[in-house]
> 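Dropping a structure here in C-alpha cells format, bear with me for questions.
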Number of protein chains: 2
Amino acid sequence: MHRGGGGASGSGQNAAEMRSFNQPCRTCPLRDRPGLVAPDAGQREWIERHRAGERAVPRGEEVLRQGAPGSRLFTVLEGVLMRSRLLEDGRRQVVNIMFPGDLVGLQAAFDGEMGHGVTALTDTRLCLFPRDRFMELVTDQPRFAYDVIWLSAREEDALEQHLVALGQRPARERVAYLALWLVERGLQTGLVAPDSAVATLHVPITQGQIADMLGLSLVHTNRTLQALRKAGQVDWNGTRIAIPQLETVRAMVGFDPRGLPKRPYI
Amino acid sequence: MHRGGGGASGSGQNAAEMRSFNQPCRTCPLRDRPGLVAPDAGQREWIERHRAGERAVPRGEEVLRQGAPGSRLFTVLEGVLMRSRLLEDGRRQVVNIMFPGDLVGLQAAFDGEMGHGVTALTDTRLCLFPRDRFMELVTDQPRFAYDVIWLSAREEDALEQHLVALGQRPARERVAYLALWLVERGLQTGLVAPDSAVATLHVPITQGQIADMLGLSLVHTNRTLQALRKAGQVDWNGTRIAIPQLETVRAMVGFDPRGLPKRPYI
DNA sequence: ACCCGTTTGTGTCATTTGACATAGCCGAGC
DNA sequence: GCTCGGCTATGTCAAATGACACAAACGGGT
C-alpha cells in the first residue's frame with residue numbers, strides 16, 4: 001500500500017457494527033438530495049418489495065471483502081465509502097469513492113466474486129438488495145434496467161477520468177484533480193454547501209489513502225498536499241477538503257461541467 | 001500525447017471509408033467465437049429489427065469523435081479499436097481497447113456527448129444501433145437489459161484493472177500487464193490461436209499508443225519493450241504481440257483467471 | 001494522565017522516468 | 001529509385017518521484 005511504508009489493516013469488530021433496520025422509502029434520506037432524481041411512488045413500491053432492509057456501517061468498517069461471494073448489492077443512503085483492489089503482494093489501488101445514491105456491488109453480482117473491497121470512510125447507511133431479487137427488479141421493470149445502465153455508464157465515466165489523471169497528470173495536478181472531483185461529487189449529493197465561500201467537503205481520508213488512490217508514494221503525497229496548501233489552491237487535511245479558489249482549480253484541472261447531470265438511484 | 005514528442009493526427013478520409021451494408025444475424029461473424037455466447041434465434045430477430053445495419057471502417061479511421069453528439073452505439077463485429085480521451089492541451093489517455101463483441105458508445109447514449117474518441121486499430125466491421133432504437137431494445141426485452149448490464153460490469157472491471165496497473169505497477173510490469181491483457185482478450189475472442197506454442201495477437205499498435213495507454217513516455221516505453229524482449233518474456237513489435245512464456249508473464253502480473261467468463265453480445 | 005499505534009511532517013539520498021537531440025528504418029506515393 | 005513522414009531506436013542529461021530514517025502531533029483506550 002502507498003508504495004511501501006507500514007500498513008493499516010481491516011481493524012476490529014465493534015458492537016455497533018452492521019446494525020440493521022428498516023425504514024420505508026418515503027423517508028429515504030436520498031429523496032431531497034440536490035443532484036439526485038427520486039423514484040416516484042410506483043417505483044418506490046417495487047423497491048420496497050425487493051430490498052432486504054438497511055444496514056448501518058460505522059466508519060472504518062469493511063463492507064464487502066475482495067474475493068468474497070458477493071451475493072448482494074446496495075445503494076448508499078448516507079455516508080462515503082472507498083472501493084479498492086489489493087494485489088497479492090499488498091499493493092493497494094483505491095479505485096473510486098462512492099457517494100450517496102451510488103450502487104455498489106454490481107460487478108460481483110455477475111462474476112460471483114468481489115473484484116474489489118469496499119470500506120466505509122464515514123459512518124454509513126446502506127440499502128441492501130439480495131442479488132437475485134435485484135436481478136428480478138431489473139428484468140421485470142424496464143425503468144430500473146434503464147437506471148442501472150445509466151449508473152453503470154456514469155461509473156465507467158468516472159473511472160475513465162481517474163485513468164486520465166493517473167496516466168497523464170503530474171502529482172500536483174493529480175491531487176488537485178482528486179480534490180476537485182470529490183468536492184464536485186459532494187456538491188452533487190448535498191454534502192457540500194453550494195453557497196459557502198469556500199467549497200468544503202467533510203470526509204476523513206488519510207494521506208495513505210490518497211496516495212493509494214493516485215498512485216503516489218505517501219511521502220510525495222504529503223509534500224504535494226503541502227504545496228497545494230501553501231499555494232492557497234487546495235487545503236486538504238485528514239478531516240476535510242477545502243478548495244479556496246474553486247475556479248482556479250477547475251481551470252488547472254480542465255474541469256468539464258458536463259459531468260453533473262442529475263442521477264437516478266434505486 | 002505520449003508525454004511530449006511530435007504527434008500523429010486523425011488522418012485522411014479515403015474512398016473505402018465507412019462503407020455500409022447489411023447481413024442477417026444468422027451469418028454474424030461473432031457467432032462462433034470461443035469466448036462469446038451467441039443470442040438465440042428469438043433474440044436475433046429482435047436485434048435485426050432494431051439495428052441500423054453494418055459499417056466497415058478501415059484501419060486508422062476515427063469512428064466516433066470525442067465531443068460529438070453520440071447518437072448511436074455499436075457492437076464490434078470484427079477488428080480491434082482504441083478508446084481514448086484527449087485533454088485540452090493535447091495530452092491523450094488511451095482508456096481501453098475494444099474487441100469483437102464489445103459494445104461501444106453507451107456512455108454517450110446518456111450524456112449526449114462522447115466523453116472519448118474511438119479509433120479503429122485494424123480494419124473493422126461494426127453493427128450499428130441508433131440510440132433510441134437501442135434503448136427500446138433494452139427496455140422492451142429484459143434479456144437484453146441483463147446483457148447490457150453484464151457488459152457494463154465487465155467493462156468497469158477492465159477499467160479497474162487498468163487503473164491498478166497505472167497506479168501500482170512500475171513500467172516494466174505495466175507493459176507486461178498490458179500485453180497479457182490484450183492477449184487474453186484475443187484468446188477469448190478467437191483472435192489468438194489457443195494451441196500455438198507462442199501466444200500471439202496480431203494487432204498494429206504503435207509505441208506511442210502504448211505509451212498513451214500506460215502513462216509512460218514514448219522513449220521509456222521503447223526501452224521497456226526492448227528489455228522485455230531481451231528477457232524473452234514479451235516480444236511486442238508494431239504488428240503483433242507475442243508472449244513466449246505465457247505462464248511466467250501471468251505469474252509476474254498476478255493474472256487472475258477469473259477474468260474469462262463467456263461474454264454475451266448484442 | 002499516560003501509552004501506544006497511527007498519521008503527518010521533514011531531511012537526505014537513490015531510482016525511475018522524462019526531456020531533448022539525433023540517427024536509422026520502413027512504407028507510401030511520385 | 002527517391003523522397004518524405006511517421007515510427008523505432010539510442011545517448012546524455014534533468015526532473016519527478018520513491019525509499020529510508022526519524023521526529024512530532026494526534027487520538028483512542030485504560
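Protein chains get the first letters and strands the later ones, always in sequence-line order, with residue 1 at the start of each.
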> Counting only heavy atoms not in R250(A) (residues, nucleotides, ligands), do more than 12 fall under 6.0 Å from its CZ?
yes
> Can you tell me how far P of dT17(C) sits from CG of D212(B), to the nearest Å?
17 Å
> Between dT17(D) atom C1' and E173(A) atom CD, what is the distance in whole Å?
16 Å
> Please find the pair of heavy atoms, one from L178(A) and one from I210(A), that lie closest to each other, and give the distance.
CD2-CG2, 4.2 Å
> Look at all strands and tell whether R229(A) reaches a base, only sugar-phosphate, or nothing, counting heavy atoms closer than 4.0 Å.
sugar-phosphate
> Using the side chain to side chain donor-acceptor pair (under 3.5 Å) definition, which of the options Q93(B), Q107(B), E155(B) pairs with R83(B)?
E155(B)
> Between the base of dG18(D) and the side chain of R223(A), is one N or O donor paired with an acceptor at under 3.5 angstrom?
no
> dG9(C), dT17(D), dT10(C): which one has an atom nearest the side-chain heavy atoms of A171(A)?
dT17(D)
> Can you see whether R185(A) engages Q188(A) through a side-chain donor-acceptor pair at a distance of less than 3.5 angstrom?
yes
> L218(B) has an atom CG; how far is it from atom C1' of dT17(C), in whole Å?
13 Å
> In this structure, how many angstroms lie between the C1' atom of dT17(C) and the CZ atom of R174(A), rounded?
12 Å
> Rounded to the Å, how far apart are Q168(B) CD and dG18(D) P?
10 Å
> Any side-chain N or O of N222(B) under 4.0 Å from OP1/OP2 of dA9(D)?
yes
> Could you tell me how far apart L216(A) (CG) and dT15(C) (P) are, to the nearest whole angstrom?
20 Å
> How many Å lie between CD on Q207(B) and C1' on dC25(C), as a whole number?
12 Å
> Using a cut-off of strictly less than 4.0 Å, decide whether Q226(A) has a side-chain nitrogen or oxygen near OP1 or OP2 of dT10(C).
yes
> Starting at atom NE2 of H220(A), determine the distance to atom C1' of dG11(C), rounded to an integer number of angstrom.
16 Å
